[in-house]
Amino acid sequence: MFIEKGRSNVGQQQLLVSSSKKLNLIKLNHFKTRASALLKAGNYTAAYETYTMCIDMVLESSSSSVKRNKDETLILDSLYCNRSLTYEKAGKHTLALEDALKCSEKNFKAKW
C-alpha cells in the first residue's frame with residue numbers, strides 16, 4: 001500500500017472507514033427514498049422488503065459497536081416506523097405491531 005509522506009497507516013485506515021460509511025449512507029438514503037416511493041405507489045410488499053433491507057444495512061454497519069450513535073438511532077426510528085406503517089397497509093397487522101413495539105422498546109420517538 002502506498003503511504004504518503006507524513007501520513008500514517010492508521011490515518012489511511014480511518015479515511016477508508018469514513019469513506020465506506022459515507023458510501024453506505026448514500027446507498028441507505030437511495031433505498032429509503034425508493035421504499036417511500038413504493039409505499040406511496042401502493043406497492044406495499046416491495047416497500048416493506050426495501051425497508052427491511054435498509055434496517056439490515058444499519059444494523060450490520062453498527063454491529064461492531066456496542067451502542068448505536070444518535071444518527072443510527074434516528075435512522076432506525078424512521079425505518080421501523082415506516083415499515084410498521086407499510087406492514088399495516090399490507091394487512092400484516094402482527095408484523096406492524098412488532099415494529100411498533102420495537103420502537104417503544106428502544107425508546108424511539110415514533111411519529112405516528
Side-chain angles (χ1 to χ4, degrees):
M1 175 184 265
F2 176 76
I3 300 176
E4 292 179 28
K5 186 175 185 179
R7 189 175 254 204
S8 71
N9 197 14
V10 173
Q12 286 187 347
Q13 288 174 345
Q14 289 173 342
L15 181 62
L16 288 174
V17 169
S18 176
S19 297
S20 175
K21 283 186 178 185
K22 286 179 185 177
L23 179 60
N24 286 342
L25 187 58
I26 290 168
K27 286 170 35 178
L28 178 67
N29 283 332
H30 166 76
F31 287 115
K32 186 177 174 189
T33 301
R34 179 174 167 79
S36 180
L38 290 165
L39 173 61
K40 288 178 185 175
N43 191 347
Y44 304 127
T45 302
Y48 67 68
E49 288 172 351
T50 306
Y51 280 125
T52 299
M53 184 178 61
C54 291
I55 290 168
D56 290 343
M57 287 174 65
V58 174
L59 294 175
E60 286 173 12
S61 73
S62 65
S63 65
S64 59
S65 62
V66 175
K67 184 173 166 105
R68 289 187 186 89
N69 65 36
K70 185 177 179 181
D71 291 337
E72 291 167 339
T73 301
L74 291 173
I75 291 168
L76 283 172
D77 173 11
S78 173
L79 292 171
Y80 278 120
C81 288
N82 290 344
R83 189 174 71 173
S84 179
L85 171 65
T86 306
Y87 279 146
E88 191 275 326
K89 294 277 189 183
K92 297 183 177 283
H93 304 292
T94 303
L95 293 171
L97 179 59
E98 287 175 9
D99 273 1
L101 292 174
K102 285 179 188 175
C103 291
S104 63
E105 279 177 14
K106 299 182 185 310
N107 295 320
F108 290 142
K109 294 180 182 175
K111 297 174 182 84
W112 17 260

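For reference, positions follow the sequence shown, starting with 1.
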Listed partners of Leu95 passing side-chain contact (heavy atoms from CB on, under 4.5 Å), at least two apart
Tyr87, Lys92, Glu98

Step by step, would you call Leu76 with Leu59 a side-chain contact (heavy atoms from CB on, under 4.5 Å)?
CA-CA 9 Å; Leu76 283 172; Leu59 294 175; 4.0 Å; yes

Any chain of hydrophobic side-chain contacts (each under 4.5 Å) joining Leu38 to Met57?
no

I need the full list of side chain to side chain donor-acceptor pair (under 3.5 Å) pairs touching residues 30-54, with sequence neighbours left out, sorted by first then second residue.
Lys32-Ser78, Thr52-Arg83

To the nearest 0.5 Å, what is the distance between CG on Leu79 and NZ on Lys102?
12.0 Å

Hey, could you give me the CG/OG1 distance between Asp99 and Thr86, rounded to the nearest 0.5 Å?
9.0 Å

Which heavy atom of Ala96 sits nearest to which heavy atom of Ser84, and what is that distance?
O-OG, 2.8 Å

